[in-house]
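Working notes, beginning with the structure itself.
Below, each value reflects all heavy atoms present in this structure, side chains not excepted, and no hydrogens, waters or symmetry copies.
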Amino acid sequence: MEPIYEGKAKRLYTTDASNVLRMEYKDDATAFNALKKGSFENKGRMNKAITLLVYKMLEDKGVKTHLIGDVDDITLLVKKVSILPLEVIVRNVAAGSFSKRMGVKEGTNFRRPIVEFSYKNDELGDPFINEDYAREMGAATEEESAYLKRQALLINDVLIDFFKRVNLRLIDFKIEFGRLAEDPGQIVLADEISPDTCRLWDAETGKKMDKDRFRQDLGDFMESYAEVLARLQHKA
Ligand code: UDP
C-alpha cells in the first residue's frame with residue numbers, strides 16, 4: 001500500500017474510515033534541515049512507543065490530541081488533521097538555536113519558559129516568526145496563536161513533571177497542532193513527542209539523551225533513546 005504522505009520521520013496511510021489514518025514511524029534520522037541523514041535500527045519503534053506513552057498521559061490530563069490508539073510496533077492510529085504550518089517551541093533552558101542566536105551559554109535556566117513559533121517551510125529553513133506573521137501568512141488567527149501558546153505552556157508543565165519523575169530534565173521541545181478533518185474549528189496536538197523533538201538531559205549527570213547525540217556525533221544515540229523508553233515504561 002502506498003502512503004498518502006511521507007515525511008522525514010513518518011509515513012501516513014489511509015484506513016477504511018475516512019477521517020482516520022495510520023501513522024508509521026520510520027528509522028530515518030535527519031538534522032540541520034536534512035543536510036545530515038542516517039538510519040538507525042529501532043528508532044521508529046522507540047519514538048512510536050515514547051510518543052504513545054506521552055500522548056496517553058497528556059490525554060489523561062485533558063489535552064486534546066490526534067491519538068486514537070496503538071496498531072503495532074511502529075504504527076499509531078490517529079485522527080486525520082490538517083497540520084498548521086507552525087512549529088511551536090517551548091524552552092526552559094537555553095540550548096540549540098537559542099544559544100546560537102542569542103549568544104547565551106547552553107544550560108542557562110530561564111526564569112519563565114519561552115514560547116516561540118517558526119514557520120514550517122523547509123525551503124525557507126523554518127524561519128522564526130511571531131503572531132503577526134502567522135496571521136498574515138494565514139497560518140493561525142491571533143486568537144488561535146494565543147490558544148497555541150496557552151496549550152504549549154500547559155503541555156510544558158505536564159511534561160516537565162512527567163520527565164522529572166524518571167530523572168530527566170526537559171530542556172526544550174517542539175510541538176505541532178492540526179485542525180481535525182471532521183471539525184476544522186477544533187485544533188488538537190498532533191505529530192510526535194519523542195527524543196527527536198525534545199531535549200532531555202539526565203537530571204543527575206546532565207548527559208544528553210536526545211537527538212543532539214546524532215546532531216553532535218556524541219555516540220550512544222539509540223542507547224539513549226532505549227534508556228528514555230525503559231525509564232518511562234518502568235515508571236508506568
Ligand atoms: N525541534 C524539532 N524540529 C525542528 C526544530 C526543532 O523537533 O525542526 C526541536 C529540537 O529537537 C529541540 C527544540 O525543538 O528540542 C528546539 O530546537 P532549536 O530551535 O534549538 O533548534 P535546533 O537546535 O534543533 O536547530
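- When side chains are defined from C-beta on, Phe177 counts as touching Ile175, because their heavy atoms get closer than 4.5 Å.
- Within the 4.5 Å cutoff, the side chain of Ile129 has no heavy atoms near those of the Ser118 side chain.
- The main-chain N or O of Val104 is never found under 3.5 Å from a side-chain atom of Thr108 such that the two would form a donor-acceptor pair.
- Cluster annotation: Val63 is connected to Leu67 through the hydrophobic network of ILVMFWY side chains, with a link wherever side-chain heavy atoms come within less than 4.5 Å.
- In the hydrophobic clustering of ILVMFWY residues, with side-chain heavy atoms under 4.5 Å counting as a link, Ile74 and Val20 come out apart.
- Electrostatic pairing of Asp210 and Lys208 does not count as a salt bridge here, judged by no charged N lying under 4.0 Å from a carboxylate O.
- In this structure, a donor-acceptor pair under 3.5 Å is present between the side chains of Asp196 and Tyr225.
- Counting all heavy atoms, side chain and backbone alike, Ile187 lies closest to Tyr147 at O-OH, 3.8 Å.
- For Glu223, the CD atom sits in a packed shell: over 12 heavy atoms of surrounding residues, nucleotides or ligands are nearer than 6.0 Å.
- For the pair Val115 and Ile89, the minimum side-chain heavy-atom distance is 4.5 Å or more.
- By the neighbour-count criterion of 12 heavy atoms within 6.0 Å, atom NZ of Lys56 is sparsely surrounded, having that number or fewer from other residues, nucleotides or ligands.
- Heavy-atom minimum distance, Met209 versus Leu168: CG-CD2, 3.9 Å.
- When hydrophobic clusters are built by joining Ile, Leu, Val, Met, Phe, Trp and Tyr residues whose side-chain heavy atoms come closer than 4.5 Å, directly or via intermediates, Leu170 is grouped together with Val158.
- By the criterion of side-chain heavy atoms lying less than 4.5 angstrom apart, applied directly or through intervening Ile, Leu, Val, Met, Phe, Trp or Tyr residues, Leu58 is grouped together with Val166 in one hydrophobic cluster.
- Donor-acceptor pairing under 3.5 Å is lacking for the side chains of Arg45 and Thr75.
- Few gaps surround OH on Tyr13; more than 12 heavy atoms of other groups in view lie less than 6.0 Å from it.
- Minimum interatomic distance between His66 and Val188 (heavy atoms only, all atoms of both residues): N-CG2, 3.9 Å.
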**Request:** Applying side-chain hydrogen bond (donor to acceptor under 3.5 Å, both in side chains), run through Ser99 and Arg91 and close with a yes or a no.
**Result:** CA-CA 11 Å; Ser99 290; Arg91 304 178 185 277; over 6 Å; no
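- For the pair Asp191 and Lys174, the salt-bridge criterion is met [side-chain N within less than 4.0 Å of a carboxylate O].
- A salt bridge links Lys48 with Asp70; the closest basic N to acidic carboxylate O contact falls under 4.0 Å.
- The side-chain heavy atoms of Glu41 and Met222, taken from C-beta on, include no pair separated by under 4.5 Å.
- Phe110 and Val93 sit in two unconnected hydrophobic clusters of ILVMFWY residues. Membership requires side-chain heavy atoms under 4.5 Å apart, directly or through other members.
- Put simply, CG on Asp28 and CZ on Arg11 are 7.0 Å apart, with the number rounded to the nearest 0.5 Å.
- Considering OG of Ser194 and CG of Leu53, their distance stands at 12.0 Å, rounded to 0.5 Å.
- Stacking of Lys10 on the aromatic ring of Tyr25 is recorded, both the 6.0 Å distance cut-off and the 45° axial limit being met.
- The closest donor-acceptor contact from the side chain of Asn33 to the backbone of Asp122 lies under 3.5 Å.
- The structure places CZ of Arg22 at 12.5 Å from CD1 of Ile68, a figure rounded to the nearest 0.5 Å.
- In terms of modelled atom types and a separation under 3.5 Å, the side chain of Asp202 and the main chain of Thr205 share a donor-acceptor contact.
- Between Lys207 and Trp201 the shortest side-chain heavy-atom distance does not fall below 4.5 Å.
- Within a 6.0 Å sphere centred on NZ of Lys36, heavy atoms belonging to other residues, nucleotides or ligands number more than 12.
- Taking CD from Glu182 and CG from Leu180, the interatomic distance works out to 5.5 Å, rounded to the nearest 0.5 Å.
- Atom CZ of Phe98 and atom CD of Glu116 lie 8.0 Å apart (nearest 0.5 Å).
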**side-chain contact (heavy atoms from CB on, under 4.5 Å) evaluation trace for Phe117 with Glu87** = CA-CA 6 Å; Phe117 295 124; Glu87 297 191 336; over 6 Å; no
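- Within the 4.5 Å cutoff, the side chain of Ile155 has no heavy atoms near those of the Lys61 side chain.
- Between the side chains of Gln151 and Lys64, not a single donor N or O lies within less than 3.5 Å of an accepting N or O.
- Contact of the Thr51 side chain with the Leu76 side chain is registered, since non-hydrogen atoms from C-beta on lie closer than 4.5 Å.
- Remark: Met102 CE is loosely packed, at most 12 non-hydrogen atoms of other residues, nucleotides or ligands lying under 6.0 Å away.
- Counting only N and O atoms by type, the side chains of Thr197 and Glu192 include no donor and acceptor under 3.5 Å apart.
- Taking a 6.0 Å sphere around CD of Gln216, one finds it holds more than 12 heavy atoms contributed by other residues, nucleotides or ligands.
- Atom NZ in Lys120 sits 9.5 Å away from atom CG in Leu86 (nearest 0.5 Å).
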**Request:** Begin with the C-alpha distance, continue with both residues' side-chain angles, and end with the deciding distance and a verdict on side-chain contact (heavy atoms from CB on, under 4.5 Å) for Tyr55 and Ile193.
**Result:** CA-CA 8 Å; Tyr55 265 66; Ile193 297 184; 3.8 Å; yes
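- A search for ring pair (Phe, Tyr, Trp, His ring centres under 6.0 Å) contacts involving Phe214 returns Phe40, Phe221, not counting sequence neighbours.
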**Message:** Assess the residue pair Asn167 and Glu204 against the criterion (side-chain contact (heavy atoms from CB on, under 4.5 Å)); give the C-alpha distance rounded to whole Å, side-chain angles, the decisive distance to 0.1 Å, and a yes or no.
**Reply:** CA-CA 7 Å; Asn167 246 351; Glu204 262 137 52; 3.2 Å; yes
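- Between Lys164 and Asp161 there is no salt bridge, since no side-chain nitrogen of the basic residue lies less than 4.0 Å from a carboxylate oxygen of the acidic one.
- A donor-acceptor contact shorter than 3.5 Å links the side chain of Arg213 to the backbone of Leu218.
- For Arg101, the CZ atom counts as densely surrounded, since its 6.0 Å shell holds more than 12 non-hydrogen atoms of other residues, nucleotides or ligands.
- Taking both residues in full, the closest heavy atoms of Lys26 and Gly7 are given as NZ-O, 2.9 Å, listed atom of the first, atom of the second, then distance.
- Using modelled atom types, one finds no donor on one side chain facing an acceptor on the other under 3.5 Å when comparing Asn92 with Arg199.
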**Asked** Please walk me through it: do Ile171 and Leu200 pass side-chain contact (heavy atoms from CB on, under 4.5 Å)?
**Response** CA-CA 6 Å; Ile171 304 305; Leu200 297 165; over 6 Å; no
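- The nearest pair of heavy atoms linking Pro195 to Ile50 is CD-CD1, 3.6 Å.
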**Prompt:** Would Arg231 and Glu227 satisfy salt bridge (charged side-chain N to carboxylate O under 4.0 Å, His left out), going step by step from the backbone distance to the final call?
**Reply:** CA-CA 6 Å; Arg231 287 192 200 182; Glu227 172 70 20; 2.7 Å; yes
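- The two residues Gly96 and Glu106 have their closest heavy-atom pair at N-OE2, 4.2 Å.
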